[in-house]
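No hydrogens, no waters, no symmetry mates; every other heavy atom, side chains included, goes into these values. In what follows, chains are A, B, ... by sequence order, proteins preceding strands, each numbered from 1.
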2 protein chains.
Amino acid sequence: MGILRKTQSLAVMLAEFDKSSHAISAIDLIRRLSNKLNKTTVYRILDKLEDDGLLHSFLGKNGIKWYAKCNGCSKTAHTDVHPHFQCVDCGQVDCLAIQIPIPELPNRTALMSSVLIQGKCQNCL
Amino acid sequence: MGILRKTQSLAVMLAEFDKSSHAISAIDLIRRLSNKLNKTTVYRILDKLEDDGLLHSFLGKNGIKWYAKCNGCSKTAHTDVHPHFQCVDCGQVDCLAIQIPIPELPNRTALMSSVLIQGKCQNCL
DNA sequence: AATTTTAATGCAACTAAGTTGCAAATATAT
DNA sequence: ATATATTTGCAACTTAGTTGCATTAAAATT
Ligand SMILES: [Zn+2]
Ligand SMILES: [Zn+2]
Ligand SMILES: [Zn+2]
Ligand SMILES: [Zn+2]
């Protein structure tokens, strides 16, 4: 149901996402903010920011949850859909500003798709 | 390190995959076989069958692990790579016999990719 | 500014999926 | 038939994420 109040915790979380352009895993965020915020709070704020179209979530390697800033989404329209890249060496995750076309599927209706590409990032090449 | 012995448990597992052409989640397999096999055994045999190129695994909705039969893979070459489809209504998961081309990525090397398409299956349309 | 209302937070306890160590059982080799 | 080595079951553990509830802190009302 999105964010209603401008709390300290919210400010701390948003600041963390402003520090870098990479995606952040929920786990890492919890670890980074462990002296300031409870993990339940972290999960709850992530949820709300996603509801509001400020962040989007996706699953990385091993099915763990990552979050990144949305580009032009709103509470009603999550339109910023794209593949993600995870470096197999350093673990860093980024949004890719490309589109992967999904073909028509016979006998099925595709509603959404998620693409995770794994490989080596520029630093680790 | 693959399968070395032809055990009862192995036969039971293989029989389960022969019953249908759909993918099976590890959890579901454990539930289905709970009166015959311990869950540790299920996980271990799945691991070995994947090593041997008889099954492949991938992550479905919510990051849970699914397994399906491979087509023409071997212990050394897992070449049967394809997207997967999960029905949002009934939860059924299938391998899609299509290829999704991944474009060249500037400043990155792609080593693998996983694509999960969610939507409605024929039954649920 | 003080009070009331309502949402956000922290904590502890829980859940679910998967993993590990080890002793007992079973398959294969001798 | 016996020895050896792999596989299995069990219990205990781990990790990521969730839930209920009392407390705290925003914001709205007076
Ligand atoms: Zn890297
Ligand atoms: Zn993204
Ligand atoms: Zn269906
Ligand atoms: Zn498949």
Side-chain angles (χ1 to χ4, degrees), chain A residues 1-17 23-52 54-68 75 84 86 91-93 114 116, chain B residues 1-17 23-52 54-68 75 84 86 91-93 114 116:
Chain A
M1 43 149 189
I3 296 284
L4 319 174
R5 290 180 185 195
K6 292 183 181 170
T7 65
Q8 281 304 311
S9 312
L10 175 62
V12 166
M13 292 273 294
L14 291 175
E16 208 59 33
F17 278 94
I24 313 178
S25 69
I27 302 163
D28 191 32
L29 210 44
I30 288 162
R31 192 168 29 232
R32 288 195 216 173
L33 303 178
S34 59
N35 55 333
K36 296 184 186 169
L37 269 65
N38 184 272
K39 74 169 172 172
T40 312
T41 306
V42 172
Y43 280 117
R44 289 198 272 227
I45 293 178
L46 287 171
D47 250 24
K48 291 183 178 181
L49 289 173
E50 190 169 21
D51 270 5
D52 285 348
L54 295 172
L55 298 180
H56 61 282
S57 73
F58 54 94
L59 300 178
K61 209 156 94 71
N62 305 123
I64 76 155
K65 214 164 184 186
W66 289 76
Y67 286 85
K75 199 188 280 283
H84 293 95
Q86 181 158 27
Q92 196 172 86
V93 174
S114 51
L116 180 69
Chain B
M1 42 151 189
I3 297 284
L4 321 173
R5 290 183 185 192
K6 292 184 180 169
T7 65
Q8 281 305 310
S9 312
L10 175 61
V12 167
M13 291 275 292
L14 291 175
E16 208 58 34
F17 278 94
I24 313 178
S25 69
I27 302 163
D28 191 31
L29 210 43
I30 289 162
R31 191 169 29 232
R32 288 195 217 173
L33 302 177
S34 60
N35 54 334
K36 298 183 184 170
L37 270 65
N38 183 274
K39 73 170 172 172
T40 312
T41 305
V42 172
Y43 280 117
R44 289 197 273 227
I45 293 179
L46 287 172
D47 249 25
K48 293 181 176 182
L49 290 173
E50 189 170 21
D51 270 5
D52 285 348
L54 295 174
L55 296 180
H56 60 282
S57 72
F58 55 94
L59 301 178
K61 210 155 94 74
N62 304 124
I64 77 153
K65 215 163 184 186
W66 289 75
Y67 287 84
K75 200 189 278 283
H84 294 95
Q86 180 157 27
Q92 194 172 87
V93 174
S114 51
L116 179 70

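- Following rounding to the nearest Å, R5(A) (CZ) and dA28(D) (C1') show an atom-to-atom distance of 9 Å.
- For the pair L10(B)/L49(B), a side-chain contact is recorded, criterion being any heavy-atom separation below 4.5 Å from C-beta on.
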Going by atom type alone, with no hydrogens or angles, which donor-acceptor pairs under 3.5 Å involve a side-chain atom of residues 34-43 of chain B and a protein atom two or more places apart or on another chain?
unit_1, atom_1, unit_2, atom_2, d
S34(B), OG, R31(B), O, 3.0
N38(B), OD1, T40(B), N, 2.8
N38(B), OD1, T40(B), OG1, 2.9

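- Using a 4.5 Å cut-off on side-chain heavy atoms (C-beta onward), S9(B) and I45(B) make contact.
- For DNA chain C, the outermost nucleotides in 5' to 3' order that have an atom under 4.0 Å from a heavy atom of chain A are dT6(C) to dA12(C).
- Using a 4.5 Å heavy-atom cutoff, the side chains of L46(A) and L55(A) are in contact.
- If you take CG of L4(A) and C1' of dA28(D), they are 13 Å apart, rounded to a whole angstrom.
- Although no hydrogens or angles enter the test, the distance criterion places a donor-acceptor pair under 3.5 Å between the side chain of Q86(B) and the main chain of G91(B).
- DNA chain C is contacted by both A26(B) and M1(A); M1(A) maps to the nucleotide lying nearer its 5′ end (nearest heavy atom per residue).
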Verdict with supporting geometry, R32(B) and I24(B), side chain to side chain contact (heavy atoms under 4.5 Å, CB included):
CA-CA 10 Å; R32(B) 288 195 217 173; I24(B) 313 178; 3.5 Å; yes
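- Side-chain contact between F17(A) and L29(A): present, with at least one pair of heavy atoms (C-beta onward) separated by less than 4.5 Å.
- What separates CG of D28(A) from C1' of dG17(D) is a distance of 16 Å, to the nearest Å.
- Following rounding to the nearest Å, I27(A) (CD1) and dT15(D) (P) show an atom-to-atom distance of 10 Å.
- Per the geometry, CD1 belonging to I64(A) stands 17 Å off C1' belonging to dT18(D), to the nearest Å.
- Side-chain atoms of Y67(A) and D47(A), non-hydrogen and from C-beta on, do get closer than 4.5 Å to each other.
- D47(B) places its CG atom 15 Å from the C1' atom of dT6(D), with the value rounded to the nearest Å.
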I'd like a table of atom pairs between the protein and nucleotides 8-10 of chain D - only N or O on both sides, under 3.5 Å - with the distance next to each one.
unit_1, atom_1, unit_2, atom_2, d
dT8(D), OP1, T7(B), OG1, 2.6
dT8(D), OP1, S9(B), OG, 2.9
dG9(D), OP2, N38(B), N, 3.1
dG9(D), OP2, T41(B), OG1, 2.4
dG9(D), N7, R44(B), NH2, 3.0
dG9(D), O6, R44(B), NH2, 2.8
dC10(D), N4, T40(B), OG1, 3.4

